[in-house]
**Student:** 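The structure under discussion is supplied below as structure tokens; questions concerning it will follow.
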Amino acid sequence: MKIVATRFAPSPTGPLHIGGVRTALFNWLYSKNKGGKFYLRIEDTDKERSKEEFKNQIINSLKWIGIDYDESEYIQSNKINDHINVANELLKKGLAYKCYCSSDEIEEQKKRAKQKKIPYIYNRKWREKSEIDAPKEIDPVIRFKSKVEGKSILKDLVQGNIEIENNTIEDFVILRADGSPTYNLSASVDDHLMGMTHIIRGDDHKINTFKQIQIYEAMNWKIPYFAHIPLIHSIDGKKLSKRDNATTLDDYSKIGIIPNALRNYLLRLGWSYKDKEIFDLDESIKYFNLEGIGKSPSKLDVNRIYSMNEHYIKNIDENELFIFFKKYCETFKEKLPDIAQKKIKNSLHFLKNKAKTLEDIYQNSKFLVIDKVQIEEKDKNLLDETAFKIIKLFSDDISKLSDFTRETLEPIIENLIKNNNTNFKGVGQPLRICLTGSKFGPGIYDILCSLGKEEVSKRLSQIR
RNA sequence: GGUCCCUUCGUCUAUCGGUUAGGACACAUGGUUUUCAUCCAUGAAAGAGGGGUUCGAUUCCCCUAGGGACCGCCA
């Protein structure tokens with residue numbers, strides 16, 4: 001039994017979006033599950049639109065979410081000669097032919113088909129025609145001789161058997177007039193050369209698969225297994241496109257989504273394993289299979305990405321979380337000074353409890369590192385004379401404290417409540433406002449202990 | 001227009017002929033709490049419609065409707 005080999009084959013003509021990442025993830029997980037290989041192939045044969053920056057973005061996205069690939073990226077344009085050779089071989093075998101139709105002629109036929117509302121399909125005009133009749137001024141394209149009779153069945157691992165009449169597949173171009181190979185040729189040749197056993201890709205490739213299988217058959221190559229996964233739709237029910245907003249990984253990392261969470265979300269979008277929702281990396285690999293992939297397209301739900309993120313923020317190891325946070329700040333906010341890092345790291349255990357994203361942690365941590373407390377205008381009137389009195393008393397009380405912990409602070413606050421005939425809010429709220437500038441924030445003991453005695457005294461003394 | 005695919009709560013999904021159709025997110029209500037959250041409990045919420053097959057259909061088949069993909073000398 002041959003070792004399982006899968007690949008992800010994006011074209012670097014735009015930023016990789018979340019649907020592509022899911023395809024990559026499924027391929028990667030499948031090969032990991034089977035102990036196989038996973039490759040990245042950059043399909044950069046569209047010279048006009050392929051950009052180095054997109055290639056880098058693709059590679060970085062995969063890296064960010066934790067998908068690694070065997071060997072180095074396979075650059076399709078480096079293999080063009082192999083593709084051309086196959087085209088020539090097909091030509092020699094009589095399984096492909098030169099077509100001398102001008103683009104104008106083809107366009108004309110398409111237009112006419114549209115007017116008559118009949119499906120356009122190339123009329124195979126040059127399939128049997130002699131080249132002696134060829135117009136000199138036209139560089140021919142090479143077309144593949146598709147089957148014209150009978151039916152083909154694709155045994156799809158996700159969709160089941162798909163049957164199609166062969167005459168609906170036209171004699172597709174495999175070599176352009178300029179001699180360059182087209183997608184269906186290049187992809188088939190590369191997949192064969194790279195030894196792919198399983199091709200897991202979006203639903204939108206289904207018709208291509210019928211073409212590619214014919215190339216395999218013509219060349220007498222072993223046909224890989226195919227699995228066409230349903231597409232991800234945006235909330236309006238359409239296929240995600242590169243032109244949609246907020247669908248690249250960068251967009252999610254920018255708002256403070258962590259890779260583990262997005263990976264888990266993407267895994268469960270269109271795939272399931274019983275009722276299980278949370279899959280750590282090892283579990284993803286252990287349980288992933290093709291049987292769990294659903295047949296219907298699924299909609300992207302940002303809400304769920306947030307809640308998944310919240311779950312991961314609250315549950316992953318704090319050191320790991322801090323590494324994500326640090327990286328996040330460096331990339332999207334500011335490089336944190338060591339002292340700020342230390343303070344935040346020590347406070348992560350309570351900061352994370354109010355956070356859905358790394359951005360939230362960043363916002364929540366601000367009170368720790370500011371020089372001077374700015375009290376929000378709307379909260380100023382909450383500080384009345386009683387409040388100032390209590391703050392003064394509190395300051396006096398803690399000045400005698402050698403040990404500044406929850407245990408030593410609790411009796412102080414309880415006494416204040418009792419002696420001033422108030423409740424916890426009467427003490428906690430003014431303290432919180434004076435120390436953080438807002439009436440919202442972490443628990444009062446978390447604030448006090450994370451700031452420390454000196455900083456608390458300093459901030460309280462600066463009031464008024 | 002042609003070909004192909006899909007259809008269970010708002011969303012992601014479980015169910016592989018017999019279930020009070022389950023879970024998760026979101027939502028609502030209540031509780032805990034020290035503000036905001038968290039957390040806990042409870043609730044509302046689904047088989048597109050119509051025919052078959054069957055003792056029995058969400059599940060199998062057909063039709064209709066709706067949605068989607070593809071129909072490039074792009075990938």
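Every chain is numbered from 1 and lettered A, B, ... according to where its sequence line falls, protein lines coming before strand lines. Note: hydrogens, waters and symmetry copies are ignored here, and every other heavy atom, side chains too, is used. Keep in mind the model is a prediction, meaning the values are calculated, not measured.
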**Student:** Base, sugar-phosphate, or nothing: which does R22(A) touch, judged by heavy atoms less than 4.0 Å apart?
**Tutor:** nothing
**Student:** Less than 4.0 angstrom between a side-chain N/O of S298(A) and OP1 or OP2 of rU13(B), yes or no?
**Tutor:** yes
**Student:** How about T182(A) and N184(A): does a side-chain donor come under 3.5 Å of a side-chain acceptor?
**Tutor:** no
**Student:** Is the closest side-chain donor-acceptor distance between D236(A) and S234(A) under 3.5 Å?
**Tutor:** yes
**Student:** Could you tell me if the side chain of D251(A) sits less than 4.5 Å from the side chain of I18(A), heavy atoms only?
**Tutor:** no
**Student:** Can you name the residues that form a salt bridge (Lys or Arg N to Asp or Glu O under 4.0 Å) with K356(A), not counting sequence neighbours?
**Tutor:** E310(A)
**Student:** Counting any heavy atom closer than 4.0 Å, what does Y265(A) reach on the DNA or RNA strands: base, sugar-phosphate only, or nothing?
**Tutor:** nothing
**Student:** Using the P atom on both, measure rA26(B) against rG51(B) and round to a whole Å.
**Tutor:** 40 Å
**Student:** Which residues pass the salt bridge (Lys or Arg N to Asp or Glu O under 4.0 Å) test with E407(A), sequence neighbours left out?
**Tutor:** none
**Student:** When the C1' atoms of rA57(B) and rA21(B) are compared, how many Å lie between them, rounded to an integer?
**Tutor:** 13 Å
**Student:** Starting from P on rC16(B), measure out to CG on L290(A) and report it in whole angstrom.
**Tutor:** 21 Å
**Student:** In this structure, how many angstroms lie between the P atom of rC12(B) and the CZ atom of F279(A), rounded?
**Tutor:** 17 Å
**Student:** What integer number of Å spans the P atoms of rU11(B) and rC71(B)?
**Tutor:** 28 Å
**Student:** Evaluate the side-chain contact (heavy atoms from CB on, under 4.5 Å) criterion for residues N33(A) and N289(A): first the C-alpha distance (whole Å), next the side-chain angles of each, then the deciding distance (0.1 Å), finally the verdict.
**Tutor:** CA-CA 8 Å; N33(A) 175 271; N289(A) 57 16; 5.9 Å; no
**Student:** For nucleotides rC12(B) and rA48(B), find the distance between their P atoms and express it as a whole number of Å.
**Tutor:** 14 Å
**Student:** Within the side chain of K354(A), is there an N or O that forms a donor-acceptor pair under 3.5 Å with the backbone of G441(A)?
**Tutor:** yes
**Student:** Starting from C1' on rU15(B), measure out to CD on E291(A) and report it in whole angstrom.
**Tutor:** 17 Å
**Student:** With rounding to whole Å, what would you report as the distance between rG17(B) and rC60(B) at their P atoms?
**Tutor:** 8 Å
**Student:** Quick one: look up who rA65(B) pairs with, Watson-Crick or G-U, both distances under 3.5 Å, and put none if it's unpaired.
**Tutor:** rU7(B)
**Student:** Can you tell me the distance, in whole Å, between the NZ atom of K439(A) and the P atom of rU34(B)?
**Tutor:** 17 Å
**Student:** If I pick the C1' atom on rG10(B) and the same atom on rG50(B), what distance separates them, to the nearest angstrom?
**Tutor:** 26 Å
**Student:** Taking atom C1' in both rG56(B) and rU7(B), compute the distance separating them and give it to the nearest angstrom.
**Tutor:** 24 Å
**Student:** Watson-Crick or G-U wobble partner for rU59(B), using a 3.5 Å limit on both distances?
**Tutor:** none
**Student:** Whole angstrom is fine here: how far is it from CG in L448(A) over to C1' in rU34(B)?
**Tutor:** 12 Å
**Student:** Tell me which of S296(A) and D446(A) sits closer to the 5' end of RNA chain B, going by the nucleotide each one is nearest to.
**Tutor:** S296(A)
**Student:** Answer yes if the ring centres of H205(A) and Y183(A) are under 6.0 angstrom apart, and no otherwise.
**Tutor:** yes
**Student:** Does the side-chain ring of F440(A) sit on the six-membered ring of the rC36(B) base, less than 5.5 Å centre to centre and under 30° in tilt?
**Tutor:** no
**Student:** Just how far, in rounded Å, is C1' of rU33(B) from CD of Q429(A)?
**Tutor:** 15 Å
**Student:** Under 3.5 Å, is there a donor-acceptor pair between the N309(A) and T357(A) side chains?
**Tutor:** no
**Student:** Mind checking if G270(A) touches a base, just sugar-phosphate, or nothing, with heavy atoms under 4.0 Å?
**Tutor:** sugar-phosphate
**Student:** Could you please name the partner base of rU32(B), counting Watson-Crick and G-U wobble pairs only when both distances are under 3.5 Å?
**Tutor:** none
**Student:** Please give, in whole Å, the distance from rC5(B) C1' to N161(A) CG?
**Tutor:** 14 Å
**Student:** So, does R406(A) use its side chain to make a donor-acceptor pair with the main chain of D446(A) at under 3.5 Å?
**Tutor:** no
**Student:** Write down the protein N/O and nucleotide N/O pairs, taken from nucleotides 41-48 of chain B, whose separation is under 3.5 Å; answer none if there are no such pairs.
**Tutor:**
none

**Student:** May I ask you to decide whether K55(A) forms a salt bridge with E52(A), counting only side-chain N to carboxylate O separations under 4.0 Å?
**Tutor:** yes
**Student:** Just the rounded figure in Å: distance from P of rU13(B) to CD1 of I278(A).
**Tutor:** 15 Å
**Student:** Looking for any heavy atom pair under 4.0 Å, which part of the strands does E165(A) touch: base, sugar-phosphate only, or nothing?
**Tutor:** nothing
**Student:** Need one value for P230(A): base, sugar-phosphate or nothing, where a base atom within 4.0 Å counts as base even if backbone is also close, heavy atoms only.
**Tutor:** nothing
**Student:** Are T209(A) and R201(A) close enough that a side-chain donor and a side-chain acceptor fall under 3.5 Å?
**Tutor:** yes
**Student:** Is D171(A) salt-bridged to R127(A), going by a charged N under 4.0 Å from an acidic O?
**Tutor:** yes
**Student:** Which pairs, with at least one residue in residues 153-162 of chain A and sequence neighbours excluded, count as a side-chain hydrogen bond (donor to acceptor under 3.5 Å, both in side chains)?
**Tutor:** D156(A)-H228(A), Q159(A)-D203(A)
**Student:** Each nucleotide in nucleotides 20-29 of chain B should get exactly one letter: B, S or -. Can you fill that in based on protein heavy atoms under 4.0 Å?
**Tutor:** --BBBSS---
**Student:** Does the protein touch nucleotides 65-75 of chain B at the base, only the backbone, or not at all? Give it as B, S and - per nucleotide, heavy atoms under 4.0 Å.
**Tutor:** ---SSS-SBBB
**Student:** Please give the distance between the P atoms of rG67(B) and rU53(B) as a whole number of Å.
**Tutor:** 31 Å
